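The structure under discussion appears below in the form of structure tokens.
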Amino acid sequence: MNIPAFPDLPAGFRFGAATAAYQIEGAHDQDGRGPSIWDTYSHTPGRTLGGATGDTACDHYHRYPEDVALLRELGVDGYRFSIAWPRLVPGGTGPANPKGLDFYDRLIDELLAAGIAPAATLYHWDLPQALEDRGGWRVRETAEAFAEYAALAADRYGDRVERWITLNEPFCSAFVGYAEGRHAPGAREGRGALAAAHHLLVGHGLAVRALRAAGAREVGIALNLDRLHPASDRPEDLAALRRAEVLHNEVWTEPLFAGRYPAHEAETWEGLADGPWRRPGDLEPIGAPLDFVGINFYRPVTVAAAPHHEADPELRTATDIGVTEPNPYGTRLTTMGWPVVPSAFTELLTGLHARYPRLPPLWITENGSAEADRSTPDGRVHDPERTDYLAGHLAAVADAIAAGVDVRGYYVWSLLDNFEWARGYEQRFGLVRVDYDTLTRTPKDSYHWYRGLITAHRARTEETAR
């Protein structure tokens with residue numbers, strides 16, 4: 001087996017691993033946790049592959065000491081996890097849940113005892129169902145409730161959490177959840193999805209204020225921005241690319257880093273964008289300075305023009321913008337069907353750096369691949385494709401840094417195989433294999449490669465410092 005070379009990253013670069021609460025914790029109805037939109041969605045027939053739910057997942061709620069031991073053995077500097085809002089505040093607002101608060105106390109203290117810096121994501125898609133019942137992210141009250149929850153979490157854990165991430169991938173929350181219906185809450189809307197996108201940003205801005213007031217050390221957001229390519233240089237494909245840039249990227253980057261709404265949103269949504277959900281002054285909290293921006297990246301996207309699914313703009317969902325996504329790359333695909341193109345990662349990072357002078361330092365908050373792991377009788381799990389993927393994408397990060405982009409660190413997705421949302425348990429992203437019948441954890445070859453990378457990086461930088 002050919003083992004990829006370790007990418008050469010600068011001294012001070014930090015390595016970590018990432019997970020999310022609903023994907024690993026389980027214990028969905030234990031110790032006072034309330035239901036989330038993902039509990040409701042996954043328990044609705046036909047929504048997830050094979051009817052899979054996160055009821056047990058990896059049972060991290062009970063097995064977190066074992067998982068922290070895996071992180072310690074891996075040698076990571078930091079661990080990015082998410083706090084389950086319905087575990088802390090079961091009703092979304094109102095009284096906090098003492099047992100939920102205590103769980104994250106135990107997890108954070110276990111990480112610190114292992115020498116691992118905690119990075120907490122406040123929202124990784126598990127909105128309390130009680131808030132969805134009152135309108136969810138379509139209404140401003142949810143953004144205000146999010147700020148209250150952020151203040152609660154920061155007051156409790158702020159002395160120990162190194163890095164706070166307000167939202168994970170708001171694109172998926174707003175558009176995959178409220179427009180495409182492929183994620184919770186399973187809606188297919190136009191204005192509702194655009195209102196959700198805006199209120200997610202408002203919630204982020206209000207949460208930043210709350211975190212700053214509580215003395216949080218580092219505050220940022222994690223975005224899944226896409227490197228988009230046109231299918232051709234035909235005018236219609238270039239126009240489709242323009243619309244796709246608004247939908248995928250500029251909805252977030254323009255308000256956050258330029259203090260404005262996207263210039264081409266009217267042609268993208270034909271008048272649906274500027275709705276009553278926007279209020280004067282919203283851009284100020286949304287665009288408040290951040291300490292870092294997290295970038296989640298998996299694959300590039302090619303865009304071509306296509307007919308709208310609905311002729312009447314009033315009936316279209318927010319993602320029905322007249323585009324299709326062919327796959328012309330000719331490269332290997334992961335089991336998710338995603339093309340492996342590391343150079344697109346460099347292009348995304350350098351393009352973002354060039355476009356936004358106010359851009360804070362970057363952290364790669366998710367990057368990894370779903371692969372067909374192969375277990376052998378000797379107990380090993382071989383996943384050479386994943387190791388190749390990680391090596392190529394970390395080299396792409398190194399290329400971006402060499403081009404002047406300030407990237408501080410990298411959290412691999414994911415530490416564990418886990419509940420992969422609507423795809424259930426079929427797709428495996430973990431460095432550690434989870435047997436979903438026994439919940440036994442087995443480090444894969446990629447785990448050992450990543451540990452070797454971290455060890456070699458530290459040895460090299462320590463030698464250089466002498």
Side-chain angles (χ1 to χ4, degrees), residues 1 4 16-24 38 42 47-50 52-54 57-58 60 67 70 74 80-82 124-125 168-169 171-172 176 180 182-183 222 224-227 295-301 325 327 329-342 344-345 348 364-376 380-394 396-397 410-437 439-450:
M1 180 179 67
T19 64
Y22 190 75
Q23 294 181 269
I24 67 167
W38 266 99
S42 66
R47 290 296 202 179
T48 65
L49 182 66
T53 74
C58 305
H60 173 77
D67 296 334
L70 286 165
L74 186 57
R80 180 192 168 209
F81 62 98
S82 77
H124 202 127
W125 306 354
N168 178 76
E169 298 186 0
F171 172 89
C172 292
V176 185
E180 295 181 357
R182 294 187 293 111
H183 280 185
N224 57 322
L225 304 178
D226 283 318
R227 173 56 175 154
I295 301 296
N296 298 357
F297 180 85
Y298 293 94
R299 82 289 182 262
V301 175
E325 297 179 3
N327 179 13
Y329 295 98
T331 65
R332 183 181 74 81
L333 304 179
T334 70
T335 58
M336 292 284 285
W338 295 343
V340 179
V341 189
F345 199 8
L348 174 69
I364 308 309
T365 37
E366 287 184 28
N367 178 241
S369 65
E371 305 291 353
D373 305 333
R374 296 178 286 281
S375 300
T376 55
R380 297 291 298 273
V381 181
H382 302 299
D383 58 342
E385 295 87 358
R386 181 175 290 106
T387 302
D388 285 340
Y389 180 99
L390 296 177
H393 284 75
L394 278 161
V397 173
Y410 176 94
Y411 295 96
V412 65
W413 185 270
S414 173
L415 174 67
L416 303 171
D417 290 338
N418 53 50
F419 175 78
E420 185 48 40
W421 307 110
R423 294 175 183 257
Y425 293 98
E426 182 180 67
Q427 301 295 327
R428 292 180 177 268
F429 278 87
L431 299 182
V432 176
R433 183 176 180 85
V434 177
D435 182 318
Y436 294 120
D437 293 324
L439 298 175
T440 299
R441 276 86 157 130
T442 305
K444 305 176 187 179
D445 287 352
S446 58
Y447 174 100
H448 299 293
W449 179 86
Y450 192 51

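The model shown is predicted, which means the values in this text are computed figures rather than measured ones.
Residues satisfying the side-chain hydrogen bond (donor to acceptor under 3.5 Å, both in side chains) criterion with Thr19, sequence neighbours excluded, are Tyr79. Scored by the salt bridge (Lys or Arg N to Asp or Glu O under 4.0 Å) test, Glu169 finds no partners at all (sequence neighbours excluded). The side-chain hydrogen bond (donor to acceptor under 3.5 Å, both in side chains) search around Ser42 returns Tyr22, not counting sequence neighbours. Thr440 is linked by a side-chain hydrogen bond (donor to acceptor under 3.5 Å, both in side chains) to Thr438, counting only residues two or more places apart in sequence or in another chain. With sequence neighbours left out, the side-chain hydrogen bond (donor to acceptor under 3.5 Å, both in side chains) criterion links Thr53 to Asp55. Remark: Arg441 pairs with Cys58, Arg63, Glu66, Asp67, Leu70, Leu416, Val432, Val434, Leu439 by the side-chain contact (heavy atoms from CB on, under 4.5 Å) rule, at least two apart or across chains. In this view, Arg423 and Met336, Glu420, Gln427 satisfy the side-chain contact (heavy atoms from CB on, under 4.5 Å) rule, not counting sequence neighbours. For Glu325, the side-chain contact (heavy atoms from CB on, under 4.5 Å) partners at least two apart in sequence or on another chain are His248, Val301. Scored by the side-chain contact (heavy atoms from CB on, under 4.5 Å) test, Ala57 finds Tyr425 as partners (sequence neighbours excluded). Listed by chain and residue number, Asp417 satisfy the salt bridge (Lys or Arg N to Asp or Glu O under 4.0 Å) test with Arg428 (two or more places apart in sequence, or in another chain). For Arg47, there are no salt bridge (Lys or Arg N to Asp or Glu O under 4.0 Å) partners, not counting sequence neighbours.
Pro342 has its side chain within reach of Val340: a pair of non-hydrogen atoms, C-beta onward, lies under 4.5 Å apart. Taking 4.5 Å as the limit, some side-chain heavy atom of Arg332 sits within range of a side-chain heavy atom of Tyr389. In this structure, the side chains of Tyr410 and Leu390 come closer than 4.5 Å at one or more pairs of heavy atoms. At a threshold of 4.5 Å between non-hydrogen side-chain atoms, the residues Pro384 and Glu371 do not count as touching. Leu348 has its side chain within reach of Leu225: a pair of non-hydrogen atoms, C-beta onward, lies under 4.5 Å apart.
Looking at Arg80, its side chain does come within 3.5 Å of a backbone N or O of Thr365 through a donor-acceptor pair. Between the Tyr450 side chain and the Gly16 main chain, a donor and an acceptor come within less than 3.5 Å of each other. No donor-acceptor pair closer than 3.5 Å links the side chain of Trp125 to the backbone N or O of Trp38. A donor-acceptor distance shorter than 3.5 angstrom exists from the side chain of Arg386 to the backbone of Ser369, with no hydrogens or angles considered. Judged purely by atom type and a 3.5 angstrom limit, Asp383 uses its side chain to pair as donor or acceptor with the backbone of Ser446. Side-chain N or O atoms of Tyr447 include one that pairs as donor or acceptor with a backbone N or O of Leu74 at under 3.5 Å. A donor-acceptor contact shorter than 3.5 Å is absent between the side chain of Tyr298 and the backbone of Pro339. Judged purely by atom type and a 3.5 angstrom limit, Asn296 uses its side chain to pair as donor or acceptor with the backbone of Glu366. Put simply, the side chain of Thr48 never gets that close to the backbone of Gly424: no donor and acceptor are under 3.5 Å apart.
No donor-acceptor contact under 3.5 angstrom links the side chains of Arg299 and Asn327, judged on distance only.
Ala372 approaches Thr335 most closely through the heavy-atom pair N-CG2, 3.6 Å. Minimum heavy-atom separation, Asn418 to Tyr436: N-OH, 3.0 Å. Of all the heavy atoms in Asp437 and Asp435, the pair that sits closest is N-OD1, 2.8 Å.
Going from atom NZ of Lys444 over to atom CZ of Arg433 covers 6.5 Å, rounded to the nearest 0.5 Å. A distance of 6.0 Å separates NE2 in His183 from SG in Cys172, rounded to the nearest 0.5 Å.
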